[in-house]
Amino acid sequence: MTEAGVTSVAVEADAVVVGGGIGGLVAAWELSRRGARVVVLEASERAGGPIHGGVFGSLPGVPVDLGAESFAVRGGAVEGLAEELGLRVEAPAALGAWGFAAGRAFPLPAAGLLGIPSRPWAADVRRAVGWPGVIRGSLDRVLPRRFAAFDDLGALVRSRMGRRITDRLVSAVAAGVHSAPLDRLDVDAVAPGLRRAFEEAGSLSRAVARIRAAAPPGSAVRGIDGGVHTLVDALVDRLDVRTGHRVTEIDGDWTIAADTPDGPATFRTGRLVVATAGVAPLLTSRWQGLSAPGSGVEPGPGAGSMTEPGTPTGSPAKPPVPERGADIWLATLLLDAPELDSAPRGTGMLVAGGAARPGDRRRTPVRAKALTHATAKWPWLARRVRDAAGPGVHVVRLSYGRIGEPTPEPTPEEAARDASALLGVDLAGRVRDVVTQRWDGALPPPTPAYRARVREFLDAAERVPGLAVTGGWVAGTGLAATVAHARAAAARM
């Protein structure tokens, strides 16, 4: 149940979770399954964070995801959660995804990781990067191990496979997924296990082949019938989630003060889960001066170690003020376009970075970083749209925004132009409806500096009794990472 108010009497709970995003909700669910009385405090008027659903005004009976619309199958964390909640997991259509770079579209190579091919000489790689790219990429198999720069993902792929594979394949996939330039992507954060596989295999393509061989068979992603946002709906229905509760103070005995719609309130607990960066600076009694990565709050003079009696003293932990995560705009279009019945570009496209320049045909002529042909990708959505609107009507979603780039709201006309360029179909004047959604800095920056600060922050948090820290801001990008991290953090309590 979702509760808007609270009495003036202090609320006692076995655990309090601050932050009602998917990480906080999952941690609360895990604790409640173990018999704990859990209260979730969410500052905004809606739980779920960037896991959110909506509808078209002209098609109110058909739900669409306005945030995450799929999840990685690795580890089975999300699929297991969905099954516990009685939700039906659905595989995407087996149509494949496309890439878009240097002004042209191509099917993404089948055997790759974040766009890094396991067989640089394969025909589908050649279609994407041409013979020059294939020849340079194949040198990876004979280059000594020492020719590998692990400074960031872009440097690693360029050092092993050259610029064409880096700029046309890896830029489209990895930069599109993480909404950041390649030189800002920490290898260990975005490709866990790749460094070790490279050291064992001696080449990057062999390392990718090993990782893919160890992955479970079948599609790398799944969705949920009705939309991924139904995860949030199901969790909120089963938990005590109090929206509009902004935490203002956290004392060392885990007494939490909050502003609520009914005035100030107090919560007392023996276990605190911090699932949002916004309140981490309030941990002043047990954890003086240590603020969260991404909070932008610097510690006071002389602060920086844990001072609770009996708690091991940590090293000074001065938090960074990392760059803001990418601001994302999503434009979801309802289109009258029978030409899309054949899914001409598969389930969607990832676009290599590079703004359009007049007269330069080699540069990307669209601003969107990704397109999802939702009705081609998800059979459940195709059925519902067809039943509600008839044949020839499609849902297409475009994503805008990368770290360090301004992200103005796309107009319906711009979104239609971008979709036309990416899908190879003229969609001008064929937009029946549009829903736009902005997410401000919702994706954590997977940069080397940020991930290093996260590791330091989590190491310090583990030494504080009764405290767990989770959420996408520390777990990384994607539902699979966030859900698995939240469940593990709650289990450790």
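Note that the numbering runs from 1 along the sequence shown for the chain.
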S.K.: Is the shortest heavy-atom distance from the side chain of Thr332 to the side chain of Phe56 under 4.5 Å?
M.R.: yes
S.K.: Do Arg430 and Val425 touch side chain to side chain, with heavy atoms closer than 4.5 Å?
M.R.: yes
S.K.: For Leu330 versus Leu66, what's the shortest heavy-atom pair and its separation?
M.R.: CD1-O, 3.2 Å
S.K.: I want to check something: taking the side chain as every heavy atom from C-beta on, are Arg438 and Asp327 in contact at a cut-off of under 4.5 Å?
M.R.: yes
S.K.: Give me the atom names and distance for the closest heavy-atom approach of Gly137 to Ile165.
M.R.: CA-CD1, 3.7 Å
S.K.: Under the ring-ring contact (aromatic ring centres under 6.0 Å, His included) definition, can you give me all pairs with a residue in residues 132-166, not counting sequence neighbours?
M.R.: Phe150-Phe198
S.K.: Quick check: closest heavy atoms across Ala421 and Val366, and the distance to 0.1 Å?
M.R.: CB-CG1, 3.6 Å
S.K.: Give me each pair satisfying side-chain hydrogen bond (donor to acceptor under 3.5 Å, both in side chains) with a member in residues 136-162, each pair once, sequence neighbours excluded.
M.R.: Asp140-Arg160, Asp140-Ser203, Asp140-Ser205, Arg141-Ser205
S.K.: Less than 4.5 Å apart, any side-chain heavy atom of Trp380 and any of Pro63?
M.R.: yes
S.K.: Does Thr372 reach the main-chain N or O of Gly348 with its side chain, forming a donor-acceptor pair under 3.5 Å?
M.R.: no
S.K.: Mind checking salt bridge (charged side-chain N to carboxylate O under 4.0 Å, His left out) for Glu200 and listing every partner two or more places apart, or none if nothing turns up?
M.R.: Arg196, Arg210
S.K.: Using side-chain heavy atoms (C-beta onward) and a distance below 4.5 Å, is Thr347 in contact with His373?
M.R.: no
S.K.: I'd like to check the salt bridge (charged side-chain N to carboxylate O under 4.0 Å, His left out) partners of Arg432; sequence neighbours left out, ordered by chain and number.
M.R.: Asp336
S.K.: What residue among Thr482, Leu231, Leu81 forms side chain to side chain contact (heavy atoms under 4.5 Å, CB included) with Val26?
M.R.: Leu81
S.K.: If you look at every heavy atom in Ala374 and Leu381, which pair is closest and at what distance?
M.R.: CB-CD2, 3.6 Å
S.K.: I need the Glu69 CD to Ile51 CD1 distance, nearest 0.5 Å.
M.R.: 10.5 Å
S.K.: Going by the rule side-chain hydrogen bond (donor to acceptor under 3.5 Å, both in side chains), which residues pair with Asp433 if we only count those two or more places apart in sequence or in a different chain?
M.R.: Ser58
S.K.: Applying side-chain contact (heavy atoms from CB on, under 4.5 Å), name anything that partners Val89, two or more places apart in sequence or on another chain.
M.R.: Phe71, Glu79, Ala82, Arg222
S.K.: Do you know the tightest heavy-atom contact between Gly99 and Met349?
M.R.: O-CE, 3.5 Å
S.K.: The criterion is side-chain hydrogen bond (donor to acceptor under 3.5 Å, both in side chains); which residues satisfy it with Glu409, sequence neighbours excluded?
M.R.: Thr436
S.K.: Let me confirm one number: the CZ-CZ distance from Phe106 to Phe100, rounded to the nearest 0.5 Å.
M.R.: 9.0 Å
S.K.: Looking at Leu458, is its backbone amide N or carbonyl O close enough to the side chain of Arg455 to form a donor-acceptor pair, meaning the two atoms are under 3.5 Å apart?
M.R.: no
S.K.: Taking only residues two or more places apart in sequence or in another chain, which ones pass side-chain contact (heavy atoms from CB on, under 4.5 Å) with Thr470?
M.R.: Ala27, Val273, Ala275, His485, Ala486, Ala489
S.K.: Quick one: does any side-chain atom of Lys369 pair with a main-chain N or O of Val351 as donor and acceptor, under 3.5 Å?
M.R.: no
S.K.: Can I get a per-line list of side-chain donor-acceptor pairs under 3.5 Å for residues 107-135, giving both atom names and the distance, sequence neighbours left out?
M.R.:
from, atom 1, to, atom 2, distance (Å)
Ser118, OG, Ala111, O, 3.0
Asp124, OD2, Ala110, N, 3.0

S.K.: Contact between Ile328 and Thr407 at the side-chain level, heavy atoms closer than 4.5 Å - yes or no?
M.R.: no
S.K.: Scan residues 415-424 for pairs that pass side-chain hydrogen bond (donor to acceptor under 3.5 Å, both in side chains), counting only residues two or more places apart or in two chains.
M.R.: Tyr400-Asp418
S.K.: Which pairs, with at least one residue in residues 480-493 and sequence neighbours excluded, count as a salt bridge (Lys or Arg N to Asp or Glu O under 4.0 Å)?
M.R.: Glu30-Arg487, Glu84-Arg487
S.K.: For Arg345 versus Ala105, what's the shortest heavy-atom pair and its separation?
M.R.: NH1-CB, 3.3 Å
S.K.: Check whether Asp65 reaches the backbone of His229 with its side chain - one donor and one acceptor, N or O, closer than 3.5 Å.
M.R.: yes
S.K.: If the condition is salt bridge (charged side-chain N to carboxylate O under 4.0 Å, His left out), which residues does Arg88 pass it with, not counting sequence neighbours?
M.R.: Glu90, Asp225
